[in-house]
Amino acid sequence: MSEIIIDRAHSDMMRSVAVQRFDVKELIPALFFLAVGLFFLLNSIFVVGLDESAAGSAIFAAVVSVLLIGIAVSLLIKSFLTRGERLTFVGLRPLAAILAAPVVFGLTVRPLGFLPAIVMSLICASFADSTTPIGRRAIPLLLITVLCIAVFHYGLRLPFALIAGLNLH
Amino acid sequence: MTLIENLVFGFSIVVEPTNLFFCFAGVFLGTLVGVLPGVGPTATIAMLIPITFAMTPTAAVIMLAGIYYGSQYGGSTTAILLNVPGESSNAITAMDGYKMALQGRAGAALAIAALGSFFAGTVCTLAIALFAVPLGSIALKFNSADYFSLMLVGLIGAVALAHGSILKSLAMIMVGLLFGLVGTDIYTAVPRFTLGFVELADGINFVPIAIGLFGLPEILRNLEKADSAANAGIARSVGRLWPIKDEFRASTPATLRGTLLGGILGILPGAGATIASFMAYTLEKRVSRHPERFGNGAPEGVAAPESANNAAAQTAFIPMLALGIPSTPNMAVIIGALLVQGFAPGPTVITAHPDFFWAVIVSMRIGNAFLLILNLPLVGLWVQLLRIPYSILFPAVLIFCAVGTYAVDSNIFDVYALVASALIGYVLGKCNCEPAPLVLGFVLGAMIDKHFRRALLVSDGDPAIFIERPISAGLLAVAVLLLVITVVPGLRRQRDRMVEE
C-alpha cells in the first residue's frame, strides 16, 4: 500500500514538474504561428509558385511567412526557457454552447425557418450559463426571440422564412 | 468651397431624416455599449456591419462612428457610478470619478466628464475638417511605393504602442496580413491559398473574422469572471447635475490639455483612446500643484482622461478619411464595413464623394450634442440598465453575432469561419495575444500586397524604388525609428512600464 502511495506521490510530482517545464502562454501561440507560417510558405512555393519576377503573386506572402516562422521559433525557444502559469478556461460546457449556437442557427435557418432557428440557438446558448435556473431564463429568452424577429425579420427584412414551408414572410 | 460652405453642405445632408435617425441610433447604441460592461464598441460595430448593407455608405459610417465615440461617453457613467469602467479608455476615470461619487458629487463628476467630452468633440471635429483636406491633397501625390511605406508605418506603429508583447503583436499582424491575402489575385486572377474552396475565391469574409475575434471571446471571458458589477457598490445618489465654481476652475485647464493630447494621439496608429486617457491623466498629475489630490476625487482626474479619450476617438477618423488607413481596431472594422459595401475610403473620397466626407464630419458635431443630452439628463435610465444580469445579455449578443454573420451571404461557411476565429481569438487572448493587430493586418493585407507589387511592376522589379521616392524613403525611416523605439531596451522598458500602468 505504501509503495502505491509513494508511486502516486511520485507521479503527481512528475506531472507538476512536467507542467512547469514550459510556458504554455508562449508555446500555444508559437505553434499556431508556426503552423500558419509553414502553411503559407509551402503554398507560396509549391502551389502558387514563386516565379522569377519580384512582383510575383506569392512573393509578399513568402516573405511574411518566413518572418512569421522566425518569430514562432523564437517564441518556441522562449517557451522552454521560462516557466509559466497554467491556463484556465471557461469550461467545456460554456465553450461548446457558445461555439455551437451560431452553427445551430446556420444549419437550421433554411430547413426550419428563422423562428425555430433562433429558439434552438438560444436554447443552445443558454447551456453556457449553469447558475441561472431554467425557469428564470424562459421569459428573457422569449423577449430576445421577439426582439430578434422584430429587428431582423420585420425591420431589416432578412430573406428567411419565419417558419419554413408556411409561406410566412 | 470654403470650410464654412463645406460644413453647411455637410449639415444639409446630415439633417435628412434618415441620416439624423442613424446618427441618433449610433450614439444611443454607443452609449448603451459603453455603459454595459462586457460589450465593447469594436464587437458591436462588427456585429452591425450586416445591418449597414441596407444603408448608404454615408449613413453607415455616421452610425458606426456614433457607436465608437458614443461608447467613450457611456463608459464614463459606469466608471463614475460603479467603479467599473464600461470601456478600457474609461478605466482611469474611475479612480477619481468614483471617489467623487462616494463624496456625494456624482452629478458633478458626470457633468465634468460629459462637458469635457463635448468640448473635445467640438474642437476635434473642427480639427478633422482642417487637417483631413490638406492631408488628403498630399496623399493624392502618393504612388504605390509611398502607400506601401505608409501602411508599413501604420502597422509598426500599432505594434509600438500596442499592449503586451511586441513579438506577439508583430506575429498577429503577420497572421492578419497572410489571411488577408487569401482569395483571387487581382493581377493574375489566380486563386491563392484557397485550398480549392470556392467560398474563399473572394477571400475570407471580414465580418466573421471581426465578430469572431472580438465578439464571442468577450462573451467567453465575461462568463469566466464573477459578476463584479453586481457586487460593486452603486453610488445611489447622483446629486446635483452640475459642477460648482471651484470644480469648473479646476477642470477647465485639464480639459484643454486632455483635448490637445488626445487629439494628437488619436492620429497616431496604435495609440487610440485608451492610451490617450492614461497619458492625459499622467500629465495632469505631473503638472498639478497638488498631485496628492489625484485618486481622492480630483475633478481634473475626470476631466483630463474623458476629454482625451473623446478627442482621440474623433481624430482617429483623420487617417481613415484622408488616407484610408486605420489607426485603431475600430477604424479597421469601419473601413472593413465600407469595403464590404464596395466603398474604399482614401484621399480621393474628399473630392469624389464630398457629400460623404462632410456629412460624416458634421454628423460628429450633431452626435456629440445628442450625447450631451443622453448622458446628463437621462443618466437615470442608464443606471437602471446596469441592473440587467449578464446571463440575460449574453444570449442576445450571441444571437446577434450569429444572425449577423449568416446574413452576409447566407453561407454556413461564414459561420464556420466565425467559430474558428472565435476559438483562435479566445485561446490566443488567453496567451496574451491581442486580436487588434490581426484585424489591422487583415484589413491592410490585400492593400499592402497590391501596392507592393504595383511598385515593383512600375520599377521593373527593382526594390530600390522604395528608397528612391523621397516620401517612401521618409516613411520607411519613420518605420525604422518606431521599430528601434520598440526594440531598444531602455525605451522598451519605458513603453512596458507605461503599458503596465
Side-chain angles (χ1 to χ4, degrees), chain A residues 24-26 28-29 32-33 36-37 39-40 43-44 47-48 53-61 64-65 67-68 71-72 74-75 87-91 94-95 98-99 101-103 105-107 109-110 118 121-122 125-126 128-129 131-132 137 140-141 144 147-148 152 156-160, chain B residues 50-51 54 167-168 170-171 174-175 177-179 181 185 187-188 190 192-193 195 216 219-221 223-224 389 391-392 394-396 398-403 405-407 410-412 414-416 418-419 422-424 426-428 430-433 448-449 452-457 461-463:
Chain A
V24 173
K25 289 188 181 180
E26 304 293 321
I28 292 176
F32 174 73
F33 296 145
V36 171
F39 169 79
F40 278 91
N43 259 271
S44 299
V47 180
V48 183
S53 160
S57 158
I59 193 78
F60 185 72
V64 174
S65 305
L67 293 171
L68 182 62
I71 293 177
S74 127
L75 286 174
L87 278 184
T88 56
F89 287 94
V90 66
L95 187 66
I98 296 295
L99 295 181
V103 178
F105 176 81
L107 290 173
V109 67
R110 289 274 184 216
I118 292 279
S121 311
L122 282 173
S126 66
D129 173 26
T131 55
T132 312
R137 291 185 225 168
L141 294 186
I144 295 169
L147 177 70
C148 287
F152 290 111
L156 296 172
R157 300 193 182 278
L158 291 186
F160 309 128
Chain B
I51 291 177
L167 271 185
K168 286 179 181 172
L170 265 174
M174 288 177 194
V175 170
L177 286 173
L178 291 171
F179 283 177
L181 297 176
D185 181 6
Y187 291 117
T188 61
V190 170
R192 292 186 299 185
F193 316 116
L195 292 174
L216 268 63
I219 294 174
L220 291 166
R221 279 190 292 269
L223 286 173
E224 268 187 271
S391 58
I392 293 174
F394 85 83
L398 184 58
I399 285 303
F400 269 70
C401 289
V403 177
T405 300
Y406 188 80
S410 299
N411 190 342
I412 190 67
D414 289 335
V415 177
Y416 296 144
L418 170 75
V419 170
L423 196 56
I424 291 170
Y426 178 64
V427 173
L428 290 184
K430 283 282 179 184
C431 302
N432 301 326
C433 294
I448 205 170
D449 175 56
F452 176 72
R453 288 166 62 202
R454 188 181 292 166
L456 289 176
L457 278 167
D462 183 8

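The sequence lines fix the lettering, A, B, ..., with proteins before strands; numbering per chain opens at 1.
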Less than 4.5 Å apart, any side-chain heavy atom of Pro395(B) and any of Ser126(A)? no
Smallest heavy-atom separation, Pro102(A) atom then Leu418(B) atom, equals CB-CD2, 3.8 Å
Looking at chain A, which one of Ala455(B), Ala396(B), Pro50(B) has the largest number of heavy-atom pairs inside 4.5 Å, strictly under? Ala396(B)
Taken to the nearest 0.5 Å, the spacing of Arg192(B) CZ from Phe60(A) CZ works out to 9.5 Å
When you measure from the side chain of Lys430(B) to the backbone N and O of Lys25(A), does any donor-acceptor pair fall under 3.5 Å? no
Mind ranking Asp414(B), Ile424(B), Asn411(B) by heavy-atom pairs under 4.5 Å with chain A and telling me who comes out on top? Ile424(B)
Once you round to the nearest 0.5 Å, how far does CZ of Phe105(A) lie from CG of Leu398(B)? 11.0 Å
Flag side-chain contact, heavy atom, 4.5 Å: Leu68(A) against Leu177(B): no
Taking every non-hydrogen pair under 4.5 Å, which of Asn43(A), Asp129(A), Ile71(A), Val109(A) racks up the most with chain B? Ile71(A)
Can you say whether Phe152(A) sits under 4.5 Å from chain B via the side chain, the backbone, both, or neither, judging by heavy atoms? side chain
Do you know the tightest heavy-atom contact between Ala128(A) and Leu223(B)? CB-CD1, 4.0 Å
Interchain contact, Phe89(A) with chain B, by part (heavy-atom threshold 4.5 Å): both
Answer yes or no: is there a side-chain heavy-atom contact under 4.5 Å between Leu147(A) and Phe400(B)? yes
Mind checking whether Phe160(A) and Tyr406(B) have parallel, tilted or perpendicular rings, split at 30° and 60°? tilted
Side-chain touch Ile118(A)/Val403(B), heavy atoms, less than 4.5 angstrom: yes
Less than 4.5 Å to any heavy atom of chain A: does that hold for the side chain of Ile412(B), its backbone, both, or neither? side chain
Within this structure, what is the CD1-CG distance for the pair Ile28(A) and Asn432(B), rounded to the nearest 0.5 Å? 11.5 Å
Between Ser74(A) and chain B, with a heavy-atom cut-off of 4.5 Å, which part of the residue counts as in contact: side chain, backbone, both or neither? side chain
When rounded to the nearest 0.5 angstrom, what is the spacing between CD1 in Ile399(B) and SG in Cys148(A)? 6.0 Å
With a 4.5 Å heavy-atom cut-off, do Leu178(B) and Phe39(A) have their side chains touching? no
Side chain, backbone, both or neither of Leu107(A) within contact of chain B (heavy atoms, under 4.5 Å): both
Do Phe32(A) and Val175(B) make a side-chain contact, defined as non-hydrogen atoms from C-beta onward lying under 4.5 Å apart? yes
Heavy-atom contact with chain A under 4.5 Å, split by part of Tyr416(B): side chain
For Glu224(B) versus Thr88(A), what's the shortest heavy-atom pair and its separation? OE2-O, 3.7 Å
Identify which part of Val419(B) has an atom lying under 4.5 Å from any heavy atom of chain A, answering side chain, backbone, both or neither. both
Ranked by heavy-atom pairs below 4.5 Å to chain A, first place among Ser410(B), Ala422(B), Cys401(B) goes to Ser410(B)
Begin with the C-alpha distance, continue with both residues' side-chain angles, and end with the deciding distance and a verdict on side-chain contact (heavy atoms from CB on, under 4.5 Å) for Tyr426(B) and Ile98(A). CA-CA 12 Å; Tyr426(B) 178 64; Ile98(A) 296 295; over 6 Å; no
Please state whether the side chain, the backbone, both or neither of Leu95(A) comes within less than 4.5 Å of a heavy atom of chain B. both
To the nearest 0.5 Å, what is the distance between CG on Leu170(B) and CG on Leu67(A)? 9.0 Å
Please find the pair of heavy atoms, one from Ala125(A) and one from Phe394(B), that lie closest to each other, and give the distance. O-CE1, 3.5 Å
